[in-house]
Every structure is written in structure tokens, then in C-alpha cells.
Peer 1: 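One structure, pasted below without further comment.
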Amino acid sequence: NTHVFEAEYTYMDDVVGGGISGAAAGLNMIMENEDASNGFYVGSTHSSKCVLTYEITAEEDTTATLRLVLANELGAMKINPDTLIISVNDEPIEYDEFELPAETQSVGKTFTQFKIGDIELEEGENTITFQVGEKEYCNGGTGGPLFDCIKLTCETGLTMEEYPENIE
């Protein structure tokens with residue numbers, strides 16, 4: 001079973017971002033684009049204070065394959081455990097570096113799926129976080145990807161605490 005969890009449905013009230021030309025936070029980081037899986041994505045993640053949190057409930061202990069669907073608004077970006085810190089239940093995970101290509105469309109966004117690897121989820125509540133790491137990316141500042149959704153493939157039922165009012 002593959003479960004899709006949208007970035008725009010995560011709890012955004014405490015999320016601090018940063019845009020190419022200034023600050024961004026909370027619901028202001030949710031952008032509309034028909035190329036995204038649900039028509040929306042979370043952008044303006046150019047800050048090391050930017051943490052997206054997925055609250056996932058598993059029906060039982062399971063190993064799940066984690067995939068990220070991301071895009072980019074600037075030049076090519078290397079994603080690795082230093083530039084994007086992925087934690088499961090407060091434990092940072094290791095994964096292989098990959099390159100998020102530069103955007104080629106003038107209007108749309110090119111969302112690409114990347115396989116991160118297997119993660120362990122416990123029965124009950126689990127927290128998966130994505131924190132943008134410090135790096136020189138945009139005008140000497142930190143840069144983050146555009147988050148469309150995550151996909152978790154496993155044999156058990158998964159649900160996420162969702163905030164659909166984020167896009168109303």
C-alpha cells in the first residue's frame with residue numbers, strides 16, 4: 001500500500017520559512033500549482049529554521065519505504081543528510097545524496113519523486129520531520145526544496161493528522 005501525505009496538510013502555524021527576497025511563514029508558504037499532486041505545495045523553505053512535520057499514525061509496527069516528491073525554484077540543489085535533515089521520531093536518518101535538478105519550466109513546476117529508503121514506524125503516533133540544513137544556495141544564503149508530498153509504502157494502515165483548512 002502506498003500512502004500519500006500532502007505537505008500543505010501538515011500543521012503550518014509554527015513553520016518558519018524564508019523566501020528568495022525575504023521572510024515567509026505558516027500558511028503564506030503554501031503555494032498553488034497545477035503540477036503539484038493536490039494542486040498545492042509548500043515553498044519558501046529557504047531557512048534553517050524551516051521544519052515540516054508529518055504526524056503519522058501506524059496501525060502496527062512496520063517498515064515503510066519513504067519517497068519525497070520535490071521541486072525547485074532556483075538552480076540545481078544537492079539534497080543529503082546535511083542539506084535536508086530527515087528525522088523519524090527525533091532520530092536523524094542517513095540516506096544517499098541526490099540532485100534536485102534546476103527548474104526548466106517558465107510557469108509550472110517539475111515535481112520529481114526521490115526514494116529516500118526504508119524507515120521504521122512504531123504502532124501508534126510517529127513524527128517525520130524535514131529540516132532545511134545550513135548551506136550556501138541562494139545569494140550566499142540557505143536554500144530548501146519545494147515540498148509536494150511524501151509517499152510511504154508499507155503493509156499496514158497509516159493515517160496523518162491533516163489540516164485541510166490550510167488551503168481554504
Peer 1: Taking a hydrophobic cluster as the set of Ile, Leu, Val, Met, Phe, Trp and Tyr residues connected by side-chain heavy atoms closer than 4.5 Å, whether directly or through intermediates, do I56 and I86 fall within one such cluster?
Peer 2: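 They do share one cluster, since a chain of ILVMFWY contacts under 4.5 Å joins I56 to I86.
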Peer 1: To check you understand the geometry: which heavy-atom pair defines the closest contact between P145 and T45, and what is its length?
Peer 2: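 Nearest pair, atom of P145 first, then T45: O-OG1, 2.7 Å.
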Peer 1: Please name the pair of heavy atoms, one in G18 and one in S47, separated by the smallest distance, quoted to 0.1 Å.
Peer 2: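 Minimum heavy-atom separation between G18 and S47: N-CB, 4.0 Å.
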Peer 1: Could you verify whether a donor N or O on one side chain and an acceptor N or O on the other, from E120 and T63, lie under 3.5 Å apart?
Peer 2: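 Side chains of E120 and T63: pair found under 3.5 Å.
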Peer 1: Taking the six-membered ring for Trp, are H3 and F5 parallel (under 30°), tilted (30 to 60°) or perpendicular (over 60°)?
Peer 2: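 Aromatic pair H3/F5 classed parallel.
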Peer 1: Please tell me whether S37 and D148 have a donor and an acceptor in their side chains that are separated by less than 3.5 angstrom.
Peer 2: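 There is such a pair (donor and acceptor under 3.5 Å, judged by atom type) between the side chains of S37 and D148.
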Peer 1: Give me the atom names and distance for the closest heavy-atom approach of K109 to Y41.
Peer 2: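 For K109 and Y41, the tightest heavy-atom pair comes out as CE-OH, 3.5 Å.
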Peer 1: Tell me the closest heavy-atom pair linking H46 and T142, and the distance in Å.
Peer 2: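 For H46 and T142, the tightest heavy-atom pair comes out as CB-O, 3.3 Å.
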Peer 1: Can you establish whether the number of heavy atoms outside E34 located under 6.0 Å from its atom CD is more than 12?
Peer 2: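 No - once you tally the heavy atoms of other residues, nucleotides and ligands closer than 6.0 Å, there are 12 at most.
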Peer 1: Enter the distance from L27:CG to E8:CD here, rounded to the nearest 0.5 Å.
Peer 2: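 Going from the CG atom of L27 to the CD atom of E8 covers 11.5 Å.
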Peer 1: Would you compute the distance between atom CD of E6 and atom CZ of F40 and round it to the nearest 0.5 angstrom?
Peer 2: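 Reported value, rounded in 0.5 Å steps: 10.0 Å.
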Peer 1: Looking just at side-chain N and O atoms, do T65 and D118 make a donor-acceptor pair shorter than 3.5 Å?
Peer 2: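 There is such a pair (donor and acceptor under 3.5 Å, judged by atom type) between the side chains of T65 and D118.
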Peer 1: Taking atom types as modelled, is there a side-chain donor on S48 or Q131 under 3.5 Å from an acceptor on the other?
Peer 2: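 No pair is found: no donor N or O on one side chain lies under 3.5 Å from an acceptor on the other.
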Peer 1: Inspect the surroundings of CD in E94 and state if more than 12 heavy atoms from other residues, nucleotides or ligands are less than 6.0 Å away.
Peer 2: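 Open: at most 12 neighbouring heavy atoms sit under 6.0 Å from CD of E94.
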Peer 1: Would you check if the side chain of E103 reaches a backbone N or O of T110 as a donor-acceptor pair within less than 3.5 Å?
Peer 2: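 Pair found, side chain donor or acceptor close to backbone of T110.
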Peer 1: Quick check on the hydrophobic clustering: are I93 and I85 connected, directly or via other members, by side-chain heavy-atom contacts under 4.5 Å?
Peer 2: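 Unlinked, I93 and I85 end up in two clusters.
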Peer 1: Could you verify whether a donor N or O on one side chain and an acceptor N or O on the other, from Y9 and N38, lie under 3.5 Å apart?
Peer 2: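 Looking only at side-chain atoms, N38 and Y9 do form a donor-acceptor pair, the distance falling under 3.5 Å.
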Peer 1: Nearest 0.5 Å, what's the OG1-CG distance between T127 and L121?
Peer 2: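 Those atoms lie 10.5 Å apart.
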Peer 1: Looking at A7 and L52, what are the two nearest heavy atoms and their distance?
Peer 2: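 For A7 and L52, the tightest heavy-atom pair comes out as CB-CD1, 4.2 Å.
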Peer 1: Given side chain to side chain contact (heavy atoms under 4.5 Å, CB included), test Y163 with E161 step by step and report yes or no.
Peer 2: CA-CA 7 Å; Y163 299 87; E161 184 165 358; 3.1 Å; yes
Peer 1: How long is the span from the NZ atom in K115 to the NZ atom in K151, to the nearest 0.5 Å?
Peer 2: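 Rounded to the nearest 0.5 Å, the NZ-NZ separation comes to 13.5 Å.
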Peer 1: F130 vs F147 aromatic rings, parallel, tilted or perpendicular, using cut-offs 30° and 60°?
Peer 2: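 Taking F147 first and then F130, their aromatic rings sit tilted (interplane angle of 30° to 60°).
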Peer 1: How close do R67 and Q113 get, heavy atom to heavy atom, and via which atoms?
Peer 2: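 Closest approach of R67 to Q113, heavy atoms only: CD-NE2, 3.2 Å.
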Peer 1: OG1 of T62 to CG of L152: how many Å apart, nearest 0.5 Å?
Peer 2: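 The CG atom of L152 is 9.5 Å from OG1 of T62, to the nearest 0.5 Å.
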Peer 1: Can you list the steps and then say if M31 with L146 is a side chain to side chain contact (heavy atoms under 4.5 Å, CB included)?
Peer 2: CA-CA 9 Å; M31 316 284 175; L146 307 177; over 6 Å; no
Peer 1: If we ignore hydrogens and angles and just use 3.5 Å, is the side chain of T10 paired with the main-chain N or O of Y54 as donor and acceptor?
Peer 2: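 Pair absent, no side-chain N/O of T10 close to backbone of Y54.
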Peer 1: Report whether I167 and M29 are members of the same hydrophobic cluster (ILVMFWY, side-chain heavy atoms less than 4.5 Å apart, transitive linking).
Peer 2: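 The answer is yes; both residues are in one hydrophobic cluster.
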Peer 1: So, T53 versus T129: side-chain donor-acceptor pair below 3.5 Å or not?
Peer 2: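 Side-chain D/A pair, T53 to T129: absent.
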Peer 1: Is N126 reaching over with its side chain to a backbone N or O of E122, donor-acceptor style, under 3.5 angstrom?
Peer 2: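 Yes; judged by distance alone, with no hydrogens or angles, the pair exists.
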Peer 1: Nearest 0.5 Å please: distance from the CZ atom of F98 over to the OG1 atom of T83.
Peer 2: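 The OG1 atom of T83 is 7.5 Å from CZ of F98, to the nearest 0.5 Å.
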Peer 1: Can you hop from L100 to L66 via hydrophobic side chains spaced under 4.5 Å?
Peer 2: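 L100 clusters together with L66.
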Peer 1: Establish whether V42 and I150 are linked, either directly or via other cluster members, by ILVMFWY side-chain heavy-atom contacts under 4.5 Å.
Peer 2: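 Yes; tracing contacts between hydrophobic side chains, which count when under 4.5 Å, links both residues.
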Peer 1: Are more than 12 heavy atoms, taken from residues, nucleotides or ligands other than E97, located less than 6.0 Å from that residue's CD atom?
Peer 2: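 Enclosed.
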